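For clarity, every value in this text was computed on a predicted model and none was experimentally measured. Below, chains carry the letters A, B, ... as their sequence lines are ordered, and counting in each starts from 1.
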Amino acid sequence: MPDSREVVVLLVEDSPQDAEITIRTLKKKNLVNSVVHLKDGQEALDWLFQEGPYAGRSGPVVPKVILLDLKLPKVDGLEVLKAIRADDRTRLIPVVIMTSSLEERDLVQSYSLGVNSYIVKPVDFENFSAAVAEAGHYWLLVNQNPLI
Amino acid sequence: MRLFRPLKKLRFFKRGFNILLFFGFLFALTAGAVTVFSIVRTEKSNQLAIGAHEVAVRLENLRFSLQIMSLSYRTYLFTQDPELLVRFEQAAKESRIWMQQLESDFRDSPLESEQMRKLVDLYRERMKLARESRTTLESEGLGALAEKMKDTARQNLPFLMDEIVARLIQEQADSVRQHERRAKRDYRISSTAILACVASCLGFGSWAVFLLNGEVARSAQRTLAAMEAERLVQQMNDQLEKRVRERTVELESANKELEAFAYSVAHDLRAPLRAVSSYAHILTEDYAAKLDAEAMRITGVITGESRRMGVLIDELLNFSRIGRQQINHQIVDMRGMAQSVFEEQLAVHGRSGVGFDLGDLPPAVGDRILLRQVWSNLIDNAIKYTRNRPEVLIRIRGSVSDGFLKYVVEDNGVGFDPRFTHKLFGVFQRLHTLDEFEGTGVGLAIVQRIVSRHGGQVSAEGKPGVGAAFSFTLPQHPDGNPQHA
């Protein structure tokens with residue numbers, strides 16, 4: 001488990017392929033040395049709030065950015081976002097939605113709930129990895145977070 | 001015909017009704033006439049009875065006067081009281097008056113007139129005897145008179161006169177009774193006639209009212225039946241409309257379901273496709289040293305084709321989204337939009353030296369983003385299909401007619417075979433191979449969809465090797481579309 005000084009990206013993604021390509025891109029571009037990959041919304045909430053199987057995990061680790069898919073098993077992305085924004089421990093963490101959905105409804109709801117960025121995953125590898133690299137570069141290097 | 005028959009029936013019914021009513025009226029009239037006639041006759045009989053009664057009274061008076069006359073005279077003869085003589089003269093005068101009256105009363109009845117004449121003769125003889133007996137009494141005395149009267153007394157004139165008068169009285173009484181009987185009979189007749197008249201009037205009247213009522217009721221029934229029929233038709237119409245609405249809703253929901261299905265299929269295809277594309281890429285990145293030229297070519301095909309499939313899926317999603325998207329109506333400066341889209345597309349295609357002739361375009365009312373998509377797709381096509389031409393000219397024109405705005409994008413590119421015009425606007429329909437011109441075959445389908453959602457139509461004209469002209473119309477909005485100068 002990473003300690004609190006590490007730059008951590010929390011990736012909540014149910015597709016192992018998308019997760020693998022995302023992690024591969026981030027690492028290849030040397031943007032991050034630690035990615036925590038969780039496969040559903042409930043697991044993400046448990047990890048963030050150190051509950052359930054993650055109760056008493058080493059930490060408190062606050063990720064520098066959360067990459068969140070919308071279509072997730074158990075608890076979907078919008079509900080996870082809502083829970084993150086509702087809790088003082090997590091409400092300032094930047095959240096980037098990465099999804100296949102271009103639905104206006106999803107966009108509006110995400111921004112209403114206070115998302116920091118909304119990225120539609122391109123279909124082909126080149127565009128997709130470019131989008132991941134850009135987002136990673138911006139949120140991990142360019143952007144300044146408040147100290148939490 | 002169905003309407004005519006009851007009318008005919010009604011006319012027949014009315015004729016029968018009128019005949020019956022006429023007879024009823026005739027009967028009532030007859031009864032009325034009989035009534036009037038018998039009332040007149042009753043009146044006449046009554047008058048006659050009254051007349052006969054008056055005559056009888058006068059006869060009684062005459063009889064009384066004659067008796068007074070006879071009595072006072074005989075008493076005078078014995079007493080020679082002059083007072084009695086005066087009484088005699090008075091009674092004689094009265095009798096004369098009564099007899100004169102009665103003579104006029106009996107003027108028209110010969111039998112009674114005859115009796116009266118006899119009576120008057122007897123009266124005269126009686127008066128003559130009275131005068132003679134007075135003279136005898138005054139000159140010769142009572143004894144001579146008594147001797148003389150032996151002969152005359154045998155004649156007994158007063159008795160004869162009284163007999164006549166009494167007979168006449170009896171006759172008058174009979175006449176009165178007879179007239180009264182007639183009057184009574186006529187009265188009965190007139191009462192019966194009145195009753196018949198009233199009864200017939202009441203009877204026919206109420207019968208007519210009853211029939212009229214029936215007619216009214218029947219006509220009311222017919223009206224009610226008509227109203228009921230109308231109500232039924234209305235009900236059926238309502239049901240039909242309701243059914244149409246239900247079917248429309250069902251169709252709309254089925255359509256939406258289909259679109260949602262297409263959307264979710266297209267959407268769900270993206271993730272595995274991304275995996276195919278990505279892993280092929282990873283293969284070329286991580287294992288380039290181990291792959292020979294042919295293997296590299298093959299992985300290149302895989303990534304290339306998956307990219308093309310990605311574009312197809314995205315276009316399909318785009319197409320599907322346009323069908324479901326809400327249209328925001330705004331006034332759109334079509335000329336400015338066409339100009340900016342042309343410049344943008346020129347940059348996208350990296351082209352220059354393209355002749356562009358943009359006419360005056362009337363402004364439209366529609367969704368800014370969707371209409372920009374229309375211009376974008378049409379101008380993109382025009383630039384794409386003029387790629388191999390030495391001199392390129394793209395002309396855009398606009399016009400207004402019959403409440404519609406028309407816009408035409410014309411090029412002098414490769415054109416198309418007019419036999420396939422109907423295929424142009426179908427999804428994934430292409431008239432050129434990918435080797436000639438790249439594309440997915442969704443662009444014109446999107447154009448058609450956007451235009452039809454705005455209430456307009458698309459059309460195309462083309463000649464192979466000469467060029468193509470694509471046009472679309474939009475409904476002219478009364479407020480938003482001022483007449484194009």
The reported gap from OG in B:S277 to CD1 in A:I21 (rounded to nearest 0.5 angstrom) is 7.5 Å

Bottom line for A:S15: the part with an atom under 4.5 Å from chain B's heavy atoms is neither

Applying a strict 4.5 Å limit to non-hydrogen atoms, the region of A:K71 in contact with chain B is side chain

Atom NZ of A:K28: over 12 foreign heavy atoms under 6.0 Å = yes

Query - Derivation and outcome, side-chain contact (heavy atoms from CB on, under 4.5 Å), residues A:F125 and B:E285 - result: CA-CA 12 Å; A:F125 173 76; B:E285 275 182 17; 3.7 Å; yes

Separation between CD (A:Q17) and CZ (B:R274), nearest 0.5 Å, reads 10.0 Å

Interface check, chain A: of B:S306, B:S278, B:G310, most non-hydrogen pairs under 4.5 Å belong to B:S278

- Message: Does atom CD (B:E343) have a neighbourhood of more than 12 heavy atoms from anything else shown, all under 6.0 Å?
- Response: yes

Do other residues, nucleotides or ligands put more than 12 heavy atoms under 6.0 Å from the CD1 atom of B:I369? no

CD of B:Q326 to CD of A:E104, rounded to nearest 0.5 Å, is 11.0 Å

Closest heavy-atom pair, B:H281 versus A:E126, reported as atoms and distance to 0.1 Å, is NE2-OE2, 3.1 Å

Notebook entry, point to check: If you count the non-hydrogen atoms of other residues, nucleotides and ligands that lie under 6.0 Å from OH in B:Y287, is the total more than 12?
Noted result: no

Whatever's closer than 4.5 Å to a heavy atom in chain A on B:I282 counts as both

